[in-house]
Every structure is written in C-alpha cells, then in structure tokens.
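In this chain, numbering begins with 1 at the start of the sequence shown. These numbers were taken from a predicted model, which means no experiment stands behind them. Counting starts at 1 for both ligands and their atoms, in listed order. Any value given below was found using the heavy atoms of this structure, including those in side chains, with hydrogens, waters and symmetry copies removed.
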Amino acid sequence: MDFTIPSHVQEIARRVRDFVEAEVIPAEQVVRHSPAGITDELLRDLRQKAKTARLWAPQLPVELGGLGLSLAEIVPVFEAAGRSLLGAPALNCAAPDEGNMHLLHLFANEAQRETYLRPLASGAIRSGFAMTEPPPGAGSDPTMLRTRAESDGDDWIINGHKWWTSGANGAAFLLIMARTDPDLPASKGSTIFLSPIDAPGIEIVRDIPHMGGSAIGGHGEIKFHDLRLPSSAVLGKLGEGFALTQARLGPARLTHCMRWTGIAQRALEIATQYAVEREAFGKRLADHQSIQWMLADSQTELHMGRLLIHHAAWLLEQGSQARQETSMAKVFVAETVNRVIDRAIQICGGLGISRDLPLSEWYEAARAFRIYDGASEVHRMVIARQVVKAYGGAKS
Ligand SMILES: Cc1cc2nc3c(=O)[nH]c(=O)nc-3n(C[C@H](O)[C@H](O)[C@H](O)COP(=O)(O)OP(=O)(O)OC[C@H]3O[C@@H](n4cnc5c(N)ncnc54)[C@H](O)[C@@H]3O)c2cc1C
C-alpha cells in the first residue's frame, strides 16, 4: 500500500488542527467548569464556526454537505479533530452520529434519507444506535439479542430493553436492532428499525451514571413497550440487521481509533512539555532514562497504531471486510491510548492527577474504549480464530 497522504488531505488535517487549537480547546475550560457539561448553545456555536471554516463533516459526501473524503483520507483529519473530546462533535464526525450517517448513507431509502440522514448531516438533529441489552440480552455476543419485533398487519410491534445507547438524551431518532424471525438464528433473523425517539412506547429509563465525564446525550437505558412502527421503518432489508451492523461497525471501530489517537498524541505532548521544563535530581525529567523510555514507548506505539489504522482503512476501501485487521487496530489502539495517557500522568506527577490538566479526564474517558465496539478479549478471539483457521485448525 501507498502511505502517502495526498496534499489536499494534509492541508485539511492542518486546518482542522488549527481550528481545534483556536476554537475548540479554549471551550474545554468552559465545559470542565460547567456541571451540565457541554451545552446545546456551546455545541451550536462550535458547529457554526466549523461550517464557516469549511471543515464540516469531512467524512460525508459533498452532496450531504461534507468534504467528501474517503475512509483512508479521513485518518489524519479525524486524528486532528480528536485532539479534543469536543473536536469531533464540533465537526459532526463524532460517535454515534458519524457511524449512523455512514449506515444510513449506505442503506436508507429516499424517504429515510430525507427524514433522518439529511437533518443528521446538517447537524439539526442527533441520533442513537440501540443494540446492547442488559444481561441476559445482547452484549459482547450480539446473537443473544432478545428485543423482539412482531408483525401486525403492515406494522411491527417492538418490545425489549436496551442500555448504553449513546447520545439517547436529546436524540431525535433511534436505530433499533430487534429479532424479527425467532425461528432463525439472530444473525439471520434480525432487523434494524428507524424510530422517532418520542414515539409512543419508548421509555427512556435513565441516563446511565458512569466514569469518564459527560458525553453529549449521555448513555441511555431504554425500554420498548409495544412500540408500533410501520414497515417503512425497516432499514435495508428484513433479516439483514447483522449484515448492516457489520457494515457500520468495521469503519466505526477505525474512526474511534483515529479520534482517540488525537487525544493520546496530545497527552504525549503535554507529558513531553512537562518533562523538558521540570527538573529533579539535578537534571530535566527528559534527561532521566526511565522518562525517555516512557516517551519513546508512547511515540512508537502511537506510530504502530496509525499504521494499523491506515492499513485496515485501505483494505476496507479495497472491498475487503478486513475483520482481522480492524480487530487488531481496535485492540492495539484502545490499549495504546490507555497506556499513553497513563504514562503521561506518571510523567506529570501530581499535576497529572489534578484537574488543572485534562489528562485525568481523558484517563477516565479512555477506559471505556477497551470495552465498547467490542471488548479487547472479543477482538483477540476474532484474531485468534483467523490464526487457527490459517493454520488449518478451524472447527468443523
Ligand atoms: C461508553 C459506552 C458507550 C457505548 N455505546 C453504545 C451504543 O451507542 N450502542 C450500543 O448498542 N452499545 C453501546 N455500548 C455497549 C458496548 O458495546 C458493550 O458494553 C460491549 O459490547 C460489551 O458488552 P457488555 O457490556 O454486555 O459486556 P459483556 O458481554 O457482559 O462482557 C463482559 C466482559 O466479558 C469479557 N468477555 C466477553 N466475551 C469474551 C470472550 N469471548 N472471551 C473472553 N472474555 C470475554 C470481556 O472482558 C467483557 O468486557 C457502549 C458501552 C460503553 C461503555
């Protein structure tokens, strides 16, 4: 593969980085000191500035108001946006909307595009993806899906219980994964439905309290009580829910990796700045070998992560499912990000633990990345299966 980043992409990445530095990072302070976290007003303001700077939605096609970059092209651009946890929301390239827009762009019919995709692309509304269920339902193993959709004439009636639906609070609509044919395995008998969140029968039970600061729209626990949806609410084809989810999750795992690499890179820079300014035992921290090793390991692992992301993105663009490569990127980058932030805190000593720096906030927020979009253990299982298969030891 060719690792050259086209000059127009480099230019966009540079402009995104400058935008995040000038407009977004100053807003972090406001959010840090506000009990409500990021307000709608602040988000609207940042988004307007991103549109004015012509940096809106780098991943979306031009006809949807985006910059029309491909998956491989967005790698450095999303990293630049990800240098602040507010950067991707400001550019409308944050989870879960970014993955949902990708899925809708691939599979929504004309009416669904008008109702859901266009307003989402313009930033007028937000969305949620409701797949995970509390035990004993779907979690790491999505085939344990229990939410049911039963046909009733031309309609579907949905009953079930979801949680960890990111962004649910304030979202306009949900993508809901439900079993439509109980006689088939879940992987073949499940369907994604589109529903306005204020439809009768949707109960937002709570916004789940969690470690890692406030995310936009939180993470919702939701119950469906006889939610009635017309057959036009089906996204794609009946029974194809798992195939659609795969089309969403492959790229979405990589975009998470791209954005989190931005935060980890910034953590390394903060640690480096402290190490060159602070002295102990007669010399700069940066001149102590154990600190140098931490800096070197972080730099090396970030570089390895970028290469894994680039390669998997390139494979997906070639039409490969790149299951093993996206899993390798997800495990490695999620664990790297956690290690890099941890080392940065160690290098900064007490200041690293304080809320004067953003490191402690990132440390808390990054922990979940080893769990969502597939826990590290699950991705290792996927990788190992390929290793065994290649050896000729697949289960019959
Ligand atoms: C911040 C956050 C945001 C999220 N956003 C969304 C969202 O928007 N929409 C959505 O649908 N879901 C979302 N999720 C849910 C997330 O995808 C699940 O938490 C994840 O898939 C794991 O499922 P689980 O929590 O049920 O864990 P479980 O399935 O109960 O697994 C628990 C642990 O068991 C271990 N484990 C599981 N399988 C294996 C295995 N094969 N081998 C070895 N160990 C294993 C892993 O260590 C795992 O962490 C979010 C979660 C978090 C924390």
- Task: Out of G220, A95, G139, P96, indicate the one that has the non-hydrogen atom closest to atom 26 (O) of ligand 1.
- Result: G139
- Query: Quick one: does atom 33 (C) of ligand 1 have a protein heavy atom under 4.0 Å from it?
  - Reply: no
- Message: What I want to know is whether E133 and ligand 1 share at least one N or O pair that is separated by under 3.5 angstrom.
- Response: no
- Task: Could you verify whether a donor N or O on one side chain and an acceptor N or O on the other, from H102 and Q59, lie under 3.5 Å apart?
- Result: no
- Top protein contact for atom 20 (C) of ligand 1, by heavy-atom distance: I371 O, 3.6 Å
- Distance-only polar pair, side chains of N159 and D226, donor-acceptor under 3.5 Å: yes
- Query: Should the pair K237 and F107 be classed as cation-pi, given the thresholds of under 6.0 Å to the six-membered ring centre and 45° from the axis?
  - Reply: no
- Note on the structure: atom 44 (N) of ligand 1 sits nearest the protein heavy atom E377 CB, 3.3 Å
- Counting only non-hydrogen atoms of the protein, does one fall under 4.0 Å from atom 30 (O) of ligand 1? no
- Could you list the atoms of ligand 1 found under 4.0 angstrom from a heavy atom of S166? 3 (C), 4 (C), 5 (N), 6 (C), 7 (C), 8 (O)
- Y372, F369, F129, W163: member with heavy atom nearest to atom 1 (C) of ligand 1: Y372
- So which protein heavy atom does atom 11 (O) of ligand 1 come closest to, and at what separation? T132 N, 2.8 Å
- Message: Salt bridge or not between D18 and R14? Use side-chain N to carboxylate O under 4.0 Å.
- Response: yes
- Query: For atom 8 (O) of ligand 1, is the nearest protein heavy atom under 4.0 Å away?
  - Reply: yes
- Counterpart residues, side-chain hydrogen bond (donor to acceptor under 3.5 Å, both in side chains), relative to R179 (two or more places apart): none
- Query: To the nearest 0.1 Å, how far is atom 50 (C) of ligand 1 from its closest protein heavy atom, and which atom is that?
  - Reply: W164 CB, 3.6 Å
- Message: For R228, is there an ion pair with E150 - N to carboxylate O distance below 4.0 angstrom?
- Response: no
- Message: Less than 4.5 Å apart, side chain to side chain, heavy atoms only: is that true for P58 and L91?
- Response: yes
- Message: Holding to ring-ring contact (aromatic ring centres under 6.0 Å, His included), I want the full list of residues that pass it with Y116, two or more places apart in sequence or in another chain.
- Response: F173
- Task: Do me a favour and list the nearest non-hydrogen protein atom to atom 39 (C) of ligand 1 with residue, atom name and distance?
- Result: V378 CG2, 3.9 Å
- Message: Tell me whether M131 has any N or O atom under 3.5 angstrom from an N or O of ligand 1.
- Response: yes
- Message: With no hydrogens and no angle check, just 3.5 Å: does a side-chain donor-acceptor pair link R118 and Q112?
- Response: no
- Query: Do the ring centers of Y372 and W164 come within less than 6.0 Å of each other?
  - Reply: no
- Contact bool for atom 37 (C) of ligand 1 (protein heavy atom, d < 4.0 Å): yes
- Message: Taking distance alone, with N or O pairs closer than 3.5 Å, would you say H219 contacts ligand 1?
- Response: no
- Query: Where on D373 is there a heavy atom closer than 4.0 Å to ligand 1, on the side chain, on the backbone, on both, or on neither?
  - Reply: backbone
- Item | T165-ligand 1 polar pair, N/O distance under 3.5 Å | no
- Item | Nearest-neighbour protein heavy atom for atom 49 (O) of ligand 1, which is reported as residue plus atom name and distance | A375 CB, 3.6 Å
- Query: Are any of the N/O atoms in S140 less than 3.5 Å from those in ligand 1?
  - Reply: yes
- Donor-acceptor side-chain pairing of T261 and E79 below 3.5 angstrom: no
- Query: Which residue and non-hydrogen atom of the protein lie closest to atom 41 (N) of ligand 1, and at what distance in Å?
  - Reply: M381 SD, 3.3 Å
- Would Q273 and E269 count as having a side-chain donor-acceptor pair, cut-off 3.5 Å? no
